[in-house]
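A quick write-up on the structure given underneath.
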Amino acid sequence: MPLTRRSLLAACASLSLAPPVSAAARSARLGELAARSGRYFGVAVTHSDVSDQARHIRLFDGECSVWVPAWQMKWGALVQALGDDPDYRACDAIVASAARRGKRLRGHTLIWHEHLPAGAERLSTAADWRRFVAPHIAEVAGRYRDAIFEWDVVNEAIEPYDGGADFMRRTPFYAMLGPDYVAEAFHLAAEAAPSARLYLNDDHLYYAEDWQERRRTGTLRLLERLIKAGVPIHGFGMQCHLDTRFRFDERIFRRFLQRLEDFGLTVAVTELDVTEAPSAHGRSMSERRRLAAAEVQKVLSVALDSSALAGVVTWGLSDDDSWLRRRAADMTDNQGLPYDDAYRPAPMRDALASLFASTRTRHST
Ligand code: G3I
């Protein structure tokens, strides 16, 4: 195999070495590097991250061309209890800041079985859907129809271990309409926000583990049903909450990406971060950060080979406020994002810069 930049990067990834990064790529902004190949780079934010007084607004503004509300646009964040009026103040502030700073906004997420209004977990009939869920989708997608360029319409619809032959997660939405809730949500979103690109979003789809193969199977079956039914779906979001414990086989991941591409979908990495293996804790901090960067290099060097990949979003910029650190007692110092606790560039930032600088250009979306 000739020694090309990409083969060198792949070799670094396979050896868990930090990728080489040129001085030009290191000094360029990630959003600008991504744009050179027709892609975007973005980050999950809260309204306090992107206020004009925010401590790190220059970083959130400088590095990213896309912002994604990490949690404040979810049904349970907008509506405390079923029947309450929605509180859009935090989301309106994010929208206003994005407009002032020329950021595109990715909406997350209209339908998710977590972070629901109190009482929504008991919804179970088609009448409940018509009374509560349909108006929620129409109102939120409609309110931000001119501010959001693409939506995660339905998040995490697949759960093979819920026992259904369709490998779909049994949620209140499934109880209300059966598997057709997904199609109905996309039709409602398309009606309310006709110019937005509409995505199905899910996780645990990249590694060679059997349980992830079942998730890939369920995901592809659902996508095939939606596309055959003429549902207005434009893309698939791979959350990419990567994990150094799992076995990666690029042939398996490439096959999955090719199936998504064959469906004519655009693909996005929507929530990138890295969970370190418990064994990492015996290593030095610099070694741990290098291994996390190598995990991103390994998986994203394959994803960025797909011309369908439209963008990459990290689930936060700094480990300091990563959700991963709230997940378990032994993860309170997880090293899984492009910037460290003090918002200094970590090796993962170099890995992303190097990946964007070396990837082939894709057709624009
Ligand atoms: O900031 C407030 C704080 O002021 C308040 O005192 C506290 C108690 O209510 O809440 C704090 O906000 C919390 C927020 O995280 C910031 O920590 C919200 O309650 C909490 O619901 C929110 O959790 C978010 C979670 O989704 C549920 O929405 C996480 O930040 C967010 O990282 C996580 O993201 C999900 C994706 O949407 C889907 N994929 C998995 C991913 C991780 O779970």
Side-chain angles (χ1 to χ4, degrees), residues 42-51 53-56 60 64 66-81 84 86-91 93-94 105-121 136-137 140 144 148 150-159 169 171-173 182 185 199-207 212 215 218-219 235-243 246 267-276 299 311-329 331-332 334 336-339 341:
V43 66
V45 300
T46 65
H47 76 295
S48 51
D49 288 329
V50 295
S51 73
Q53 299 71 37
R55 191 164 153 228
H56 301 291
F60 283 93
C64 309
V66 166
W67 288 342
V68 180
W71 60 275
Q72 290 168 312
M73 207 165 260
K74 292 164 185 172
W75 195 11
L78 294 169
V79 177
Q80 295 304 310
D84 289 354
D87 180 350
Y88 290 109
R89 285 174 296 175
C91 292
I94 293 172
L105 269 186
R106 193 170 196 284
H108 175 80
T109 175
L110 293 170
I111 294 286
W112 187 33
H113 60 284
E114 296 189 25
H115 210 164
L116 292 171
E121 68 285 351
H136 158 64
I137 295 172
V140 177
Y144 298 119
I148 287 180
E150 71 185 26
W151 267 106
D152 287 334
V153 175
V154 174
N155 188 44
E156 301 175 11
I158 297 298
E159 182 39 82
R169 191 185 300 273
T171 67
F173 305 106
V182 178
Y199 277 61
L200 180 71
N201 193 51
D202 216 321
D203 196 19
H204 307 304
L205 298 158
Y206 338 103
Y207 293 106
Q212 296 213 3
R215 297 184 61 78
T219 297
F236 182 74
M238 305 184 297
Q239 293 179 12
C240 284
H241 292 298
L242 303 182
D243 191 315
F246 299 141
V267 179
V269 171
T270 55
E271 305 182 19
L272 180 66
D273 53 25
V274 175
T275 293
E276 297 179 273
V299 178
V312 175
V313 172
T314 56
W315 210 240
L317 270 185
S318 157
D319 289 307
D320 182 45
D321 53 11
S322 170
W323 73 285
L324 290 170
R325 293 194 169 182
R326 303 191 290 271
R327 245 180 115 189
M331 291 185 65
T332 53
N334 192 76
L337 283 169
Y339 284 80
D341 300 46

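Predicted model, so just to flag it, every value in this text is computed and none were measured. Both counts, for ligands and for their atoms, begin at 1 and track the order of listing.
Looking only at heavy atoms of the protein, atom 30 (O) of ligand 1 is closest to Arg326 NH2, 3.1 Å. For atom 24 (C) of ligand 1, the nearest protein heavy atom (residue, atom name, distance) is Trp71 CB, 3.9 Å.
The proximity of Glu114 to ligand 1, defined as any non-hydrogen pair under 4.0 Å, does not occur for either the backbone or the side chain.
Note that the CH2 atom of Trp75 and the OG1 atom of Thr109 stand 12.5 Å from one another [nearest 0.5 Å]. Here CD of Glu114 is found 11.0 Å from OG1 of Thr171. Values are rounded to the nearest 0.5 Å. With values rounded to the nearest 0.5 angstrom, Ile94 atom CD1 is found 7.5 Å from Leu105 atom CG.
For atom 38 (C) of ligand 1, the nearest protein heavy atom lies under 4.0 Å away. Under the 4.0 angstrom criterion, atom 5 (C) of ligand 1 counts as lacking any protein heavy-atom contact. Within a 4.0 Å radius of atom 43 (O) of ligand 1, the protein has at least one heavy atom. Inside a 4.0 Å radius of atom 26 (O) of ligand 1 there is at least one protein heavy atom. The presence of a protein heavy atom under 4.0 Å from atom 19 (O) of ligand 1 is ruled out. Counting protein heavy atoms under 4.0 angstrom from atom 9 (O) of ligand 1 gives zero.
Checking Trp112, Trp323, Trp315, Trp75 against atom 34 (O) of ligand 1, the nearest heavy atom belongs to Trp315. One option in Glu271, Lys74, His241 has a heavy atom closer to atom 33 (C) of ligand 1 than any other, and that option is Lys74.
Ligand 1 places these atoms under 4.0 Å from at least one heavy atom of Glu156: 38 (C), 39 (N), 40 (C). Of all atoms in ligand 1, listed by their number and element, those nearer than 4.0 Å to a heavy atom of His115 are 21 (O), 27 (C), 28 (O). Applying the 4.0 Å criterion to heavy atoms of Gln239 picks out, from ligand 1, the atoms 39 (N), 40 (C).
Partner His108 forms a side-chain contact (heavy atoms from CB on, under 4.5 Å) with one of Glu271, Met73, Glu150 and no other, that one being Glu271. Tested against Leu242 for a side-chain contact (heavy atoms from CB on, under 4.5 Å), the candidates Leu272, Asp273, Val269 yield a single pass: Leu272.
Between the side chains of Asn155 and Gln239, at least one donor-acceptor pair of N or O atoms lies under 3.5 Å. Judged purely by distance below 3.5 Å, without hydrogens or angles, the side chains of Thr219 and Asp202 never pair a donor atom with an acceptor atom. Remark: the Thr46 side chain and the Asp49 side chain contain an N/O donor-acceptor pair separated by less than 3.5 Å.
In terms of modelled atom types and a separation under 3.5 Å, the side chain of Asn334 and the main chain of Val274 share a donor-acceptor contact.
Salt-bridge check for Asp320 with Arg325: failed, with every basic side-chain N at 4.0 Å or more from each acidic carboxylate O.
Of the N or O atoms in Asn155, none lie within a sub-3.5 Å distance of an N or O in ligand 1.
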